[in-house]
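Just below is one structure, and these are the notes that go with it.
Source: prediction; values computed, not measured. What's counted below: heavy atoms across the whole structure, side chains too, no hydrogens, waters or symmetry copies.
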Amino acid sequence: WIRSDRGITTPKELEGRTIALPEYQQTAALWVRGMLREQHGLDTRGIKWRIGSERIAIQLPPGHDVAPLGMLPEQALREGVVDALITPRPPAPHPQVARLFPDWARAEQEYHRATGFFPIM
């Protein structure tokens, strides 16, 4: 999910942006970071990752900008605190919130054709 008022139309345009996640180590977030890196060429270390909470403490190598949000990730997207949101559940409708891939069903099919994988989440 993206803020539609930020000029983001492709995954590559997420580089250098701030993205909210419920948890950095959540399975869906891990899949999406891998997709951004492998399928779209993003250097995910150049993204400012902001998290709602972590159930288990994590230690990341240097070069990863991961910090708490201090609010719910969906709220941060609605209020424009972050540029995008990775979450397994769609956020509540908002005039400035849209899918990164408007034709998401086609994007899923293309990903499956290219990789042979269908990430259930």
Side-chain angles (χ1 to χ4, degrees):
W1 297 94
I2 57 165
R3 286 284 303 192
S4 58
D5 58 353
R6 306 287 165 91
I8 301 167
T9 59
T10 68
K12 192 73 171 157
E13 293 168 336
L14 291 171
E15 277 188 341
R17 304 285 187 142
T18 304
I19 301 177
L21 308 161
E23 294 180 77
Y24 188 78
Q25 56 194 332
Q26 179 187 54
T27 306
L30 176 65
W31 267 99
V32 174
R33 287 195 310 274
M35 291 172 178
L36 291 173
R37 193 173 185 88
E38 297 299 317
Q39 301 297 311
H40 301 286
L42 265 74
D43 180 357
T44 54
R45 291 168 297 186
I47 292 173
K48 294 178 259 328
W49 300 102
R50 298 299 175 255
I51 55 172
S53 66
E54 288 291 339
R55 286 181 265 179
I56 300 170
I58 59 171
Q59 290 186 320
L60 298 169
H64 294 269
D65 185 354
V66 179
L69 262 170
M71 63 176 51
L72 294 173
E74 184 178 326
Q75 176 187 2
L77 183 65
R78 275 193 319 268
E79 294 181 11
V81 173
V82 299
D83 302 301
L85 168 67
I86 296 171
T87 182
R89 292 176 190 83
H94 185 276
Q96 274 83 41
V97 172
R99 288 180 182 266
L100 175 59
F101 298 100
D103 189 352
W104 54 270
R106 190 174 117 237
E108 287 177 351
Q109 291 166 357
E110 289 172 0
Y111 175 78
H112 182 264
R113 272 193 293 280
T115 66
F117 289 107
F118 178 75
I120 196 68
M121 295 182 86

Is the backbone N or O of [Y] less than 3.5 Å from a side-chain atom of [X], with the two atoms forming a donor-acceptor pair by type?
X	Y	result
E15	G46	no
E13	T9	yes
R3	V82	no

Distance in Å, [X] [atom1] paired with [Y] [atom2], rounded so as to fall on 0.5 Å steps:
X	Y	atom1	atom2	value
H40	K12	NE2	NZ	11.0 Å
Q26	T87	CD	OG1	6.0 Å
Q75	L85	CD	CG	12.0 Å
E74	H94	CD	NE2	10.0 Å
R17	I2	CZ	CD1	9.0 Å
Y111	F101	OH	CZ	11.0 Å

Quick check: is [Y] connected to [X] through a chain of hydrophobic side chains (ILVMFWY, heavy atoms under 4.5 Å apart)?
X	Y	value
I58	L21	yes
W1	V81	yes
L77	M71	yes
V32	L69	no
L60	I51	yes

> Under 3.5 Å, is there a donor-acceptor pair between the T44 and R37 side chains?
Replying inline: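 Side-chain D/A pair, T44 to R37: present.
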
Which pair of non-hydrogen atoms, one from [X] and one from [Y], has the smallest distance, and what is that distance?
X	Y	answer
P11	L42	O-CD1, 3.3 Å
S4	P95	OG-O, 3.7 Å
I86	A29	CG2-CA, 3.9 Å
L100	L14	CD2-CD1, 4.0 Å

> Do the ring planes of Y24 and W49 sit parallel (below 30°), tilted (30 to 60°) or perpendicular (above 60°)?
Replying inline: perpendicular

>> Can you confirm whether R99 is buried at CZ, in the sense that more than 12 heavy atoms of other residues, nucleotides or ligands lie under 6.0 Å from that atom?
In response: yes

>> Assess the residue pair T115 and Q39 against the criterion (side chain to side chain contact (heavy atoms under 4.5 Å, CB included)); give the C-alpha distance rounded to whole Å, side-chain angles, the decisive distance to 0.1 Å, and a yes or no.
In response: CA-CA 9 Å; T115 66; Q39 301 297 311; 3.5 Å; yes

>> Using the side-chain contact (heavy atoms from CB on, under 4.5 Å) definition, which of the options I19, D65, D83 pairs with K48?
In response: D65

